[in-house]
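Please read the structure below before turning to the comments.
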Amino acid sequence: MLGLFAELKRRRVFRVAGFYAVVSWVTAEVASVVFPALQLPEWTVTFVIGLLLLGFPLAMVLAWVFDIGPGGLERTAPKEEAPTRGWHHVGYLALLAIAMGALAWVLYPRIGLGPDTARDSIAVLPFEDLSQARDQEYFSDGISEELLNMLAQVPDLQVASRTSSFAYRGQNIDIRDVGRQLGVDTVLEGTVRKAGEQVRITAQLIDSSTGYHLWSNTYNRELKDIFAVQDEIAREIVAALQVELGTGGEEAIPARAAPPTSDMEAYQIYLQARHQWKRRGEASIARSISLLESATGKDPDFARAWAGLAAAYVVYPGYAQEDQAPWNERASEAARRALSVDPNIGEAHAVLAEIDFMNRNWADAEAGFFFATNLDPTDPTARHWYSILLRSAGRLSASVEQGEEALRLDPTSPVLSFNLSETYMALGYDDQAERYLQSARDLGFHEAPRGIGAVLALRQGNLEEMRSLIEDNVEEAGADPAIADLFMAAASDDKALAELEAAVDAAGDALGGRRSMLPMLILSGRSEEALELMDEITRDAPDALELSLLWIPEAAEIRRDPRFGEIMKRVGLVDYWKQYGPPDDCRLDGEDLRCGFLAVAGR
C-alpha cells in the first residue's frame, strides 16, 4: 500500500485530484447560483454536476498515464519494479472509486437548488386590496388567512404564523429579508380586487433565497365560488413547492369537508369581525362582538363565527374592566355552539380551556389546552394560554416549552416574549428573562413589565431602579406614589410594614387590597408573613392568589413549609398534580407536598 501511495505521488495524481476537486466545487457553486437567476431549468445544474463527476475518472486515468514535462505532455515512465504493478492498478481503481464517492458527496447538495426544488416552509403575506375604494382589506386578509390555514394542514410543510406574516403589511421590504427574518424558504403574496359579486385574485410564490418567482396565476371568479378558488390556489402552491409528502403534491391538502358557511354575506361580516379582533383594544373587540353576533344571526350553523365570538367574549372584560364571570358564561355558550356544529375547531376548545383555568378547574383546563394545541398546532394563543397554566402550576420546564413554541409561531408578538420573560424569571435564569423582557419592550409591550423588571433589579442589587418601577406601578394604579417608599422600607422594618398595610387598605381596590403586599413579603424573605397572607387570601378567595410568584427562587423557604401544601390543596392544585405530575421543585408523598429538591439555577 505504501508503494501505491508513493507511485501516486510520483505520477502527481494527488495534485491533479485536488485541483479537479476545487475546480468542480467552484463550478458547481457558480452553476447553482447563476443558473436559477437566469431562469434555466433545474436539470441544467444537474447536468453540469453529472459532467463533473463523469470527468473525474477520466482525469485520474490521464493523470496516471501522462505527465507534463519539459517537452509537453509525455507518457509517464513505469518504475522498474514490475511485479507489484498489477496490485497497484487494483488499489488505484479502489481509491478512485472512493474519491468519486467523496466528490459526489461534496457536489450532491448543489443538485436540485433550482427554482423547482423541494421546499418545506412558507410565509403567507397579506394580500393587497386593489378594490376601487380600497375598502375590502378585511376580505383580502380573509383570503390570505384561509390560504395560510389550508397550507398549515399539509404534513411536513412549516407555515409561519398569521401574526408574524401580517406584520409586513404595507412595508416595502425585500422578500429575501422576509424569508430570513421568518426563517422560511418561500413567500406567497398576491392581490385581491373585488367588485360586486366578481373577484379577481392574483397569487405569486417567490423563492425567498433568490427573490425570483416560482409560480404565479390569476383567478377570475364569482364571489359564490370563493371557497373553491381558495382550494385551487392552495393545491397549485403545494404542487409548485414539490414538498416530499409521501402521497405527493395536491393530494397532501385535506379535502375541505364543506364551506364554512353558505351565506356569503355572513362570511364577509365574519371577515370584518376577525379584522377588528386582531386589532385588540376595547373598541375593536366590542365591534368584533357586534359583527360576529350579526354573522351568527344570518347563519346559525356558522361554526367559525361562533368560535370567534367565544374568543372575543372571553377577552373583552380584560379590556373593558368588567366582571369576568358573565362574559365567561357567554363565551362558554358560544364555544359549545361552535363545537356542536364542528367539534374540531381548536379555537373553541382553547376558549373553554381558558375559562376552566380562570375558574381553577385545573385538570379540565390541562386536557382542554392539550386537545386544542393538537387540533391546531399552529395557534400561538392556545399555546400561550397553556404556558401560563403550566407556570401557575409550577411546571416551569413544560411552560418554557409551550412558550417557546408559541413565540416560534409568532415571533413578533410582545405578549409572548413577556410570558417567556416571566417564566425564565421564575426559574432564576435572569439573563434569559432580561433578554425576553427587552424584546417585549422593543415590540411595544408597555403594559406590565415593571413587575419583572423590579424583581430583576433587586437581584442585581439596583434598589433605586426597583423603587422607581414600583412607584410607576403605584402611580399608574391611581394610588399615592409615596407608597413605593413604604414597600421598600417594609422589607426590613416592622413599623414600615404596619404603615404599608394601612396605606394599602386606604387605597382600596386601586392596588388590589392586601394581596398586593405578597410580592414584597416573598422577595424580602418575610416567609412567615407571606404564608399568613397566603392563608388569608385563599380562605377568602382561592382564585385571587397570584400563583406564578410562588415558584421563584426567593419563595423556596415558603415552599418547604408544610402549610404551603395545605394552601395548594385549597387552590385545587394537589389533585391536578396527582394526575399530571408535581411541580419541578416538588414531590408528592400521598397527600403531602414536599418541595426544595432543585438547586437554584442561573443565579
Using the ring pair (Phe, Tyr, Trp, His ring centres under 6.0 Å) criterion, which residues pair with Y580? Sequence neighbours excluded. Y576
In this structure, are over 12 heavy atoms from other groups packed under 6.0 Å from K569 atom NZ? yes
Residues at least two apart in sequence or cross-chain that pass ring pair (Phe, Tyr, Trp, His ring centres under 6.0 Å) with H349, listed by chain then number, are F371
Measure the shortest side-chain to side-chain distance between M488 and E471 over non-hydrogen atoms and say whether it is less than 4.5 angstrom. no
With S332 via side-chain hydrogen bond (donor to acceptor under 3.5 Å, both in side chains) - residues at least two apart: R336
Closest approach of T423 to S399 (non-hydrogen atoms, all atoms of both residues): OG1-OG, 3.5 Å
I'd like to check the side-chain hydrogen bond (donor to acceptor under 3.5 Å, both in side chains) partners of D342; sequence neighbours left out, ordered by chain and number. none
side-chain hydrogen bond (donor to acceptor under 3.5 Å, both in side chains) partners of Q438, counting only residues at least two apart: D442
Regarding D585 and R559, does a basic nitrogen lie under 4.0 Å from an acidic carboxylate oxygen? yes
Less than 6.0 angstrom from the centroid, inside 45 degrees of the normal: does R560 satisfy that with respect to the ring of F564? no
Classify the angle between the aromatic ring planes of W327 and Y313 as parallel (below 30°), tilted (30 to 60°) or perpendicular (above 60°). tilted
Are F369 and R383 close enough that some pair of their side-chain heavy atoms sits under 4.5 Å apart? no
Considering residues at least two apart in sequence or located in another chain, which fulfil the side-chain hydrogen bond (donor to acceptor under 3.5 Å, both in side chains) criterion with R570? D535, T538
Report yes if the side chains of L389 and Q402 come closer than 4.5 Å at any heavy-atom pair, otherwise no. no
